[in-house]
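Numbers here are sequence positions counted from 1. Nothing here was measured: the structure is a model prediction, and the numbers come from that model.
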Amino acid sequence: MEKLFELLQTRWSFFAELLLEHISISITAITFAMGIGLLLGVLISEYRGSTKAVMAIVNFIYTIPSISLLGFLIPLSGIGNTTAIIALTVYALLPMVRNTHTGLSNINPLLIEAVTGMGSTRAQVFFTIKLPLALPVIMAGIRNMAVMTIALAGIASFIGAGGLGVAIYRGITTNNKAMTVAGSLLIALLAITVDFLIGAVEKRIGRHKA
């Protein structure tokens, strides 16, 4: 532990730079996954004939080992942050698509029928009834996806990307346990912090709805 704290103190600028890069990579992937995942989740909940096909594809991609997926992407997008962001976005799609679809599909159909019978359009039903009711489930998906993405971003260094995975990789290759633990600890703290912040937003939304 002494070596760990000493390393963090003496080389904090190095770790701070990696931390900021890790945050940048993770936030970019999370943002893309939220947009694409929400769109796909909404589409398969509205057009249910496509649900099985889309979920099968997303589930299949999720079973591909992360290192393998990074390897497949290198010929297409090269090494570095771009490939890492693409891979992280792809992995983050499953919880977003699944939770969005689950939240929107489990709304009482009698409620939808009643609102539609009162003259509401499809868009009005979606934005005033479906989306608010599905929001807690969607937020849970965002929370899980964000934590998972931050953790997975640690392997990005293996294909030349930045982030705290660089410290872990350097620690492994040089047999520097303090460096490896420091990188892992910072990733864990970042994931816990993001989980706490999203959880606070989730609770605030719940209180506001109540």
Side-chain angles (χ1 to χ4, degrees), residues 18-105 131 134-135 137-169 183-184 186-188 190-195 197-199 201-202:
L18 294 182
L19 177 61
L20 291 174
E21 195 167 16
H22 199 99
I23 292 171
S24 175
I25 292 171
S26 299
I27 288 179
T28 304
I30 289 168
T31 302
F32 281 129
M34 283 176 60
I36 299 170
L38 282 169
L39 179 60
L40 286 175
V42 169
L43 287 176
I44 64 176
S45 65
E46 293 293 317
Y47 304 98
R48 301 198 176 185
S50 61
T51 302
K52 288 185 178 180
V54 172
M55 289 305 300
I57 293 171
V58 174
N59 280 313
F60 171 74
I61 293 174
Y62 195 73
T63 62
I64 300 174
S66 52
I67 294 295
S68 298
L69 181 60
L70 289 169
F72 293 149
L73 290 173
I74 287 174
L76 301 175
S77 52
I79 61 174
N81 291 349
T82 300
T83 299
I85 289 169
I86 294 172
L88 291 171
T89 301
V90 169
Y91 271 109
L93 284 178
L94 178 60
M96 280 305 307
V97 175
R98 183 171 54 196
N99 279 51
T100 302
H101 171 62
T102 300
L104 292 172
S105 299
L131 188 59
L135 194 56
V137 181
I138 295 173
M139 286 298 297
I142 293 173
R143 192 173 179 178
N144 292 333
M145 176 267 291
V147 172
M148 181 193 72
T149 301
I150 290 169
L152 274 176
I155 65 169
S157 61
F158 289 93
I159 49 97
L164 290 165
V166 172
I168 297 173
Y169 180 72
S184 303
L186 288 173
I187 290 176
L190 178 60
I192 291 170
T193 301
V194 170
D195 181 64
L197 292 174
I198 298 177
V201 173
E202 193 175 354

How about [X] and [Y]: do any of their side-chain heavy atoms sit closer than 4.5 Å?
X      : Y      : result
Leu94  : Met55  : yes
Ile138 : Leu131 : yes
Thr63  : Asn59  : no

For [X] against [Y], the heavy-atom pair lying closest together:
X      : Y      : value
Glu21  : Gly163 : OE1-N, 3.6 Å
Ser157 : Gly165 : OG-O, 3.0 Å
Ala87  : Leu70  : CB-CD2, 3.6 Å
Ala191 : Val147 : O-CG2, 3.9 Å
Ala156 : Gly162 : CB-O, 4.3 Å
Met148 : Pro95  : CE-CG, 4.4 Å

Spacing of [X] atom [atom1] and [Y] atom [atom2] [to the nearest 0.5 Å]:
X      : Y      : atom1 : atom2 : result
Leu152 : Met145 : CG    : CE    : 12.0 Å
Leu93  : Leu38  : CG    : CG    : 10.5 Å
Ile198 : Ile142 : CD1   : CD1   : 7.0 Å
Ile150 : Leu190 : CD1   : CG    : 4.5 Å
Thr28  : Ile85  : OG1   : CD1   : 4.5 Å
Ile25  : Asn81  : CD1   : CG    : 4.0 Å

Look only at the side chain of [X] and the backbone of [Y], and say whether a donor-acceptor pair between them is shorter than 3.5 Å.
X     : Y     : value
Thr51 : Ile44 : yes
Ser26 : Ile23 : no
Ser24 : Leu20 : no

For this session: Using the test side chain to side chain donor-acceptor pair (under 3.5 Å), find all partners of His22 that sit at least two apart in sequence or belong to another chain.
Result: none
Problem set entry | Phe32 atom CZ, over 12 foreign heavy atoms within 6.0 Å | no
For this session: Taking atom types as modelled, find out whether Thr83 and Ser77 have a side-chain donor-acceptor pair closer than 3.5 angstrom.
Result: yes
For this session: Evaluate the side-chain contact (heavy atoms from CB on, under 4.5 Å) criterion for residues Ile187 and Ile168: first the C-alpha distance (whole Å), next the side-chain angles of each, then the deciding distance (0.1 Å), finally the verdict.
Result: CA-CA 10 Å; Ile187 290 176; Ile168 297 173; 3.7 Å; yes
